[in-house]
Amino acid sequence: MSFLDLDERLIQIAEKASLVYSPLVDIKTFPDWVDLTLVEGAVSNMEDWEKIRNVRQHTHTLVSLGDCAITGNVPSMRNQFSANAVLERSYHENIELYPQIPRDMVPHLLARVRPVHEVVKVDVFIPGCPPPADAIFFALSELLEGRTPDLSAYTRFGS
Amino acid sequence: MSRLSQQVVTLKIDGRDVGARSNETILEVAHENDINIPSLCSVEGLSVVGSCRLCLVEVRGTSELVSACSTYVREGMDIVTHSERLSHYRQTILSLFFSERNHLCAVCVSNNHCELQGQAQALGLSHVEVAYRYPQLPVDASHERFVIDHNRCILCTRCVRVCDEIERAHTWDVAGRGVQALVITDLNEPWGSSETCTSCGKCVQVCPTGALFEKGKAVAEMSRRRRFLPYLAKTKEKSS
Amino acid sequence: MMPEELTELAHKEQTDAQQWQHQIHVCTATGCLSAQSDQVYTALTREVRDRGMDKTCRVKGVGCLGLCSAGPLVQVNPAGTLYQHVQVDDVPELVQSLKHSPVERLVCSTDIPFFQQQVKIVLANAGNIDPERIEEYLAVDGYQGLLQAVTEMTPSEVISEVIHSGLRGRGGAGYPTGLKWTTVAKADSHQKYVICNADEGDPGAFMDRNILESDPHCIIEGMAIAGYAVGATQGYIYVRSEYPLAIKRLRNALRRAERLGVIGNNIFESAFRFQIDVRLGAGAFVCGEETALIASIEGRRGNPRPRPPYPAEAGLWGQPTLINNVETLANIPAILRNGGGWFATIGSSQSTGTKVFALTGKVNHGGLIEVPMGMSLRSIVFDIGGGIPNELAFKAMQTGGPSGGCIPETHLDMPTEYETLNQIGSIMGSGGIIIMDETSSMVDVARFYMEFCQDESCGKCVPCRVGTAQLATLLTKIAEGMATPEDLILLEELCDVVKHTSLCGLGQSAPNPVLSTLRFFRHEYLAHIRQ
Amino acid sequence: MKTDIARIPPPSDDKRWRIIDTTMRRYGYDSHCLIETLHSVQEAFGSLDDQAMHYISATLGVPLSQIYGVATFYHLFTLKPREAHHTCVICVGTSCHIKGGATILSAIEKTFRVKAGQTTADGTLYLQTARCLGSCGLAPVVVLNEETLSKANQNNVIQRIQEIIRHDA
């Protein structure tokens, strides 16, 4: 959503880059090679794990966008408890009707939620919850010019 | 740590010639001259502990780093407060702070008012390289006006010092040791049932993070008022 | 007491000792006691009495005889026959043999390098005198150094003698003792203190404990001389509470010394007075650090504080304080008796005198040893230690405990000196030496010490508190084969940060075991890494 | 000497409080003797409970939280009494570690289903580790109640513990 807050600046970026894969784009498989991938969210389950490893393999510059990707943030709050305890709490203790832990259809939870860079190498970090549009714009502009952005003037953890 | 003989000395900080009294610390002299040295444990009006290690500076001619908050200036000192090496050390130290407990800026009462968060931004810490430890820590909301959330405590001991040195109640202290250390009230009893706490709230005002806060504050609402501290510290000095 | 009384008492004890045809020395230091030497002592006493030999033969509990790995040790004098692994059942035969030839099956040869290549200053009395009787200490010139200092020398003369000796701190860092004394002596204050640091905490080190158990009076004498030299009237001995026997003997020795008047008021009829109190630690390694130790004596948490100011300027209760380690102080009486020049001829030019080591691990002859400084490390392992058991190969020698490093075979020809050990990434340390053979994993050793440091970190400063925990986690990850090459880089980076930014010596030296094993045994780390 | 603090009576008639009081008196009821006093309580009562800490706080004029801080800083002090029939201390110092102390520890943990620092469910055995018992020449060392087993191995230690436990039954 923060990305969309770039508003008309999106056009500036669109002039230099094309969007090849995104929840907004109707393509189901990750392309063979992309120059830049922005990744949001923490790595929580097996599906995330496999996805991010695949993305890394097919990406030149990987950017962690937002606190969840960088610090684990709110999703990582479950890390103080075991994955089983979390499932137990969500699907048994707080449920009155047919309590059961789903085995199919739902990806297997990792023992711990992990920031992206603990799983694969990350090149650029844009912290913030959410990162301000200015930070995203600055980072993208710099990256498109082939420079590594220093974002400390634009954003911070939590901001 | 008062010194009897006060001399005027001149020294260099980041290449600038500055004058100072010999009973001033490097940190004090730097601040007087608008030179910023990061720190988390030190706060004007309380005793010096030198525990956060962010204010380490280089002194030309020696190989060891010294903490600016606890080192008195000397004639002819040549101090470097910012260098690539110092910046790397400071970033790593901040990473260690972030990895130690459960710091979630986005949902913290002190978001945008937090000194740890502020230092991370100022020192350009974009992510934490070391593994997060995710310890299970308690939140004590038994006090009628205040809360302590150990998930956000960085053990700077400002609360312990202000309670002992200014309020003279010594309700707070540190229990345990190493990575297991926790600030506690009395015999590790709920804060609300403490017999010694005067509910003055000074500890809450000096806390650099969101560990101590006022009840009823929501995310990003907890700002601090610390103007009382230098004044009370002076009064205390006069009376002792 | 009068100076003459001291000489008289010493003389009387020397004469008394000559009346015995045989003196059986039983080691009653902790090492042999844990092999039940107390039962051997009781059995010997009973046997001698039952045979009606108690007029000519004395059974005496003494301090450490050195070869702890062969305990319980018994020595029969004046012949000097040393018996090893003595059991209660052996006692009748042993006493019987006094009139004939020694019991061959129990004899431990003293011709081996373990005994021949040692030079004893600090341990000169260990194993020879009964540590519970002050008279025996007097008979071997005990308190003569103090007598000389107080009655014939000025404080500054005493200090120059110590400077002249070249003695350096035996607690680990090797700071020149004379210089430390000078600083405290020059500090302007009515009240000064002398502290004996007996908070020996390195796992695998027991030099100080054995000195205290074997010869407590030499520490008391050393402290009193230090007190006279720097102008202090009060001393504290800070001992680990894990050393009950050392504490008991020390307290007993203090009572005797007070009763005799060698400490107290008007020592040797002079204006000099000196008191000593014992303070107990309570299980915190960090209290070996000077400022933490001071905090602990003051009744507080053992948190170190930034230095300067150094304890020599502002120490215990803010007063100038001299802190010396047990072994350092144990050298002082001999230096005063024989002169600093004599001491300086022993050892090497930069590291004079001797060093006491606790030699343990995978070595044939383990125990408490004292060797001249400058002896090669190889001699310590292969001559004194008698090499590695079970025909295995030597791998490393660990010195300096959790603050030190592991030295590989290629550096064994280095002399035992402060500087050379620093050059090869270790430290002299307080004197624990652990020998490892080819079966030891160096990653495991590094992890062992890091977990130790994590447990013992006081928690005050963040690099040590969290840094050691992070390092321990990384080392576990490596040891379990779960680490990546990036983890190894992170390990080295973190070591650098913890070493250079920690508040006190514990944190600053905590990475040493990792750094030194990385330096010499990097391949072992790499073998654990997932590519 | 502290004169400004009114002496308060000990928490109970228990004669052991006299020992504690003697310790404090020897140091002139000065706050500096906090650690000596805690040693004295630990020795007399086996642990430091709230009652004892309140008494010391009032007598020496040391804040409660400071006493708690000191008591939890030093590993020798315990706040809860340990109630086990037998104590087994395994040395995990460097020499013992090199010579197999850790193996003995894990074997005992497994055999008696107890972790270091804990007591077995039936309360018979308290298992503890020590940093260094200083008997490195005889490593690995295990102390069972008052008895020291030197150059120990997992078999003889386990056997000895079983003997002792059987002896009780």
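It should be emphasised that the depicted structure is a prediction, and the values quoted were computed from it without experimental measurement. Proteins get letters first, then strands, A, B, ... in listed order; numbering begins at 1 in each.
Annotation for B:Q136: atom CD counts as buried by contact number, over 12 foreign heavy atoms lying within 6.0 Å. The environment of CD in B:E44 is sparse: at most 12 heavy-atom neighbours from other residues, nucleotides or ligands sit within 6.0 Å.
Neither the backbone nor the side chain of B:L54 comes within contact range of chain C; no heavy atom of the residue lies under 4.5 Å from a heavy atom of that chain. Both the backbone and the side chain of B:L96 have a heavy atom closer than 4.5 Å to some heavy atom of chain C. Neither the backbone nor the side chain of C:T473 comes within contact range of chain B, judged by heavy atoms closer than 4.5 Å. Residue B:T92 touches chain C through its side chain alone, counting heavy-atom pairs closer than 4.5 Å. For C:S502, the part lying under 4.5 angstrom from a heavy atom of chain B is the backbone only. In this structure, chain C has heavy atoms under 4.5 Å from both the backbone and the side chain of B:V49. Using a 4.5 Å cut-off between heavy atoms, C:L490 contacts chain B through its side chain alone, with no backbone atom that close. Interface remark: C:A284 contributes backbone and side-chain atoms alike to the contact with chain B (heavy atom separation under 4.5 Å). For C:L494, the part sitting under 4.5 Å from any heavy atom of chain B is the side chain, from C-beta outward, and nothing else.
Proximity to chain B among residues 443-465 of chain C is limited to C:Q454, C:D455, C:E456, C:S457, C:C458, C:G459, C:K460, C:C461, C:V462, C:P463, C:R465, judged by heavy-atom separations below 4.5 angstrom.
C:P306 approaches B:G50 most closely through the heavy-atom pair CG-CA, 4.2 Å. Shortest non-hydrogen contact noted between B:R53 and C:T501 is NE-O, 2.7 Å.
The candidate from B:D173, B:V130, B:L65 with the greatest count of non-hydrogen atom pairs under 4.5 Å with chain C is B:V130.
Between C:V466 and B:S99, some side-chain heavy-atom pair lies under the 4.5 Å cut-off. Proximity of B:R177 to C:N303: side-chain heavy atoms (C-beta onward) are nowhere separated by under 4.5 Å.
With sequence neighbours left out, B:V80 forms a side-chain contact (heavy atoms from CB on, under 4.5 Å) with B:D14, B:E58, B:R60, B:S83. Contacts of C:R301 classified as salt bridge (charged side-chain N to carboxylate O under 4.0 Å, His left out), with partners at least two apart in sequence or in another chain: none.
C:R305 CZ to B:S47 OG: the interatomic distance, rounded to the nearest 0.5 Å, is 12.5 Å. Residue B:E129 holds its CD atom at 11.0 Å from CD of C:Q470, rounded to the nearest 0.5 Å.
Residue pairs meeting the ring-ring contact (aromatic ring centres under 6.0 Å, His included) criterion with at least one partner in residues 464-511 of chain C, sequence neighbours excluded, are absent.
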